[in-house]
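Remarks on the structure that follows.
Values below: every heavy atom of this structure, side chains too, minus hydrogens, waters and symmetry copies. Within every chain, numbering begins at 1; the chains are lettered A, B, ... in the order of the sequence lines, protein sequences first and strands thereafter.
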2 protein chains.
Amino acid sequence: MARKTGSHSEITGPLVREAAERLFARHGYAAVSMRQIAGEVGVQAGALYNYTPDKQSLLYDMMSTHMQSLLQSWSDADPGGTPMDRLQAFTRHHIHFHLQRPDAVFIAYMELRNLEAQNFARIEVQRKAYEMVLENILQDGQGAGAFHVGDVKLAGMAVIAMLTGVTTWFRDDGRLSVEEIANHYWDMVRKAVGA
Amino acid sequence: MARKTGSHSEITGPLVREAAERLFARHGYAAVSMRQIAGEVGVQAGALYNYTPDKQSLLYDMMSTHMQSLLQSWSDADPGGTPMDRLQAFTRHHIHFHLQRPDAVFIAYMELRNLEAQNFARIEVQRKAYEMVLENILQDGQGAGAFHVGDVKLAGMAVIAMLTGVTTWFRDDGRLSVEEIANHYWDMVRKAVGA
DNA sequence: CGCCTTTCTGAACGATTGTTCATTTTGAAT
DNA sequence: ATTCAAAATGAACAATCGTTCAGAAAGGCG
């Protein structure tokens, strides 16, 4: 039995998540009401509760899904090989991935403080896992003499901050293409880690 | 005539701004109520309106003051001299300044979207002015052959993002002192710009 | 002390918040 | 055409929001 009678939650459900993501990114979680989200979907506020138990879950679910997607996407893109190859792949993947979902990225970085304690802890685990991906690459390269950084942990944080910063100023109709941007960033990352 | 009779707004006024800054940084502008701020100060909500015309002004004033303070502080710290000297001074100043006022920094980066259109435009002018400080240093150094960056504007954004990122993980009781952190960052910035 | 301005209270306002729920509408399956 | 679960309505809820304001408290000055 595929779909039950009268059902079209397979349509409305995603619309709710998309509207919430768009609005949260634009105005912030706390500033967006359930009625605004419902309005975007073309439905009354009460109907949203067929698709989420509450507003907080709407936020947590999209953040968790985003982090999961980021980790999985890197896992698929990781070419293995030398630390240098992997660092370049990481840099390019990070930029491409982040520029492809600006709203989700924005929320993942800005709405951490609006997560309830337990949800926050869960997201932090995923976030930390991603940071460790880069830290491990840098550690390997440092050990092999391919990189020369003063402090591996600090270098990891610096690189991620630098790369993520691209989302704050990138515009689709801007001066540089994503590919050109990725090239420039890789050049700076490479030099910054002393390779 | 100094202070008027019955007055102690010179005491309460700053307390209101401090409480607001602390709470906005912790929970976000939209999630903090005037009653919460008043509670921190030890006063009723109505009393706040002796010190601010409305909630929005509370946010705008602290952001504008912060940006003004940042620009002035750099202006005082700018050593002049070679682009290399100035870039190092900029790097160290940025880190020291930002780590000294984590709440104000957090608000300046996170609450832009909660500014009314006109206030947002004003803050953007100040923000842009600060970006231009770095961009000009990089441009001068590039022209003099001291730096080798692929794109001056992009390098400026990358450096600022990297430096500002330090505020997201720095802890006073952490592994590294501010001075050590500044040293490491300067090392990476120097290499990233090809100097 | 009594005056007078500043400061604060405490209640009130209309609007909006997240969420619930009895009821109605919908639409595929029988 | 009838059935029946899923989905959506629309009203209601208690709580909270930013803001206003008349009146009470406070405290330096004459």
Would you mind reading off the distance between Glu116(A) atom CD and dG18(C) atom P, rounded to a whole angstrom? 14 Å

Residue set satisfying side chain to side chain donor-acceptor pair (under 3.5 Å) with Tyr49(A), at least two apart, ordered chain then number -> none

Under 4.0 Å, heavy atom to any atom of DNA chain C: which of residues 53-60 of chain A qualify? Asp54(A), Lys55(A)

Taking salt bridge (Lys or Arg N to Asp or Glu O under 4.0 Å) as the cut-off, I'd like each qualifying pair that reaches into residues 184-195 of chain B, sequence neighbours left out, listed once. Asp187(B)-Arg190(B), Asp187(B)-Lys191(B)

Rounded interatomic separation in angstrom, taking CG from Leu48(A) and P from dG18(C): 10 Å

In short, salt bridge (Lys or Arg N to Asp or Glu O under 4.0 Å) pairs touching residues 89-112 of chain B with sequence neighbours left out are Arg113(A)-Glu111(B), Arg92(B)-Glu179(B)

Here the distance between atom P of dT6(C) and atom CD1 of Ile11(B), to the nearest Å, is 16 Å

Taking only N and O in the side chain of Tyr51(B), is any of them less than 4.0 Å away from OP1 or OP2 of dC8(C)? yes

Could you please name the option among dC8(C), dT9(D), dT20(D) that lies closest to any side-chain atom of Val43(B)? dC8(C)

Rounded to whole angstrom units, what separation is found between the OH atom of Tyr49(A) and the P atom of dT17(C)? 11 Å

For nucleotides 10-15 of chain D, which of its nitrogen or oxygen atoms have a protein nitrogen or oxygen under 3.5 Å away, and what is each distance?
residue	atom	partner	partner atom	Å
dA12(D)	N6	Arg35(A)	NH2	3.3

Ile37(B) CD1 to dG18(D) C1': how many Å, rounded? 11 Å

I'd like to know if Val41(A) and Ile11(A) are part of one continuous hydrophobic network [Ile/Leu/Val/Met/Phe/Trp/Tyr, side-chain heavy atoms within less than 4.5 Å]. yes

Centres of the His94(A) and Tyr130(A) rings: under 6.0 Å? yes

Residues passing the ring-ring contact (aromatic ring centres under 6.0 Å, His included) test with Tyr29(B), sequence neighbours excluded, are Phe24(B)

Which pairs with one or both residues in residues 169-195 of chain B pass ring pair (Phe, Tyr, Trp, His ring centres under 6.0 Å), sequence neighbours excluded? none

Contact check, residues 19-34 of chain A vs DNA chain C, heavy-atom distance under 4.0 Å, returns Val32(A), Ser33(A), Met34(A)

With sequence neighbours left out, write down each residue that passes salt bridge (Lys or Arg N to Asp or Glu O under 4.0 Å) with Arg86(A), or none if nothing qualifies. Asp78(A)

Would one find a side-chain N or O of Thr12(B) under 4.0 angstrom from OP1 or OP2 of dC8(C)? yes

Sequence neighbours excluded, the answer for ring-ring contact (aromatic ring centres under 6.0 Å, His included) partners of Trp74(A) is Phe90(A), His93(A)

If a pair satisfies salt bridge (Lys or Arg N to Asp or Glu O under 4.0 Å) and one of its residues is in residues 23-50 of chain B, list it, with sequence neighbours excluded. Arg22(B)-Glu40(B)

With the side chain defined as heavy atoms from C-beta on, Asn50(A) is closest, among dT7(C), dT19(D), dA8(D), to dA8(D)

I'd like a table of donor-acceptor pairs (distance under 3.5 Å, sequence neighbours excluded) in which one partner is a side-chain atom from residues 136-155 of chain A, with atom names and distances.
residue	atom	partner	partner atom	Å
Asn136(A)	ND2	Met132(A)	O	3.1
Gln142(A)	OE1	Val149(A)	N	3.0
Gln142(A)	NE2	Val149(A)	O	2.9
His148(A)	ND1	Gly194(A)	O	3.1
Asp151(A)	OD1	Lys153(A)	N	3.2
Asp151(A)	OD1	Leu154(A)	N	2.9
Asp151(A)	OD1	Arg175(B)	NH2	3.1
Asp151(A)	OD2	Arg175(B)	NH1	2.6
Asp151(A)	OD2	Arg175(B)	NH2	3.4
Lys153(A)	NZ	Glu135(A)	OE1	3.4
Lys153(A)	NZ	Glu135(A)	OE2	3.1

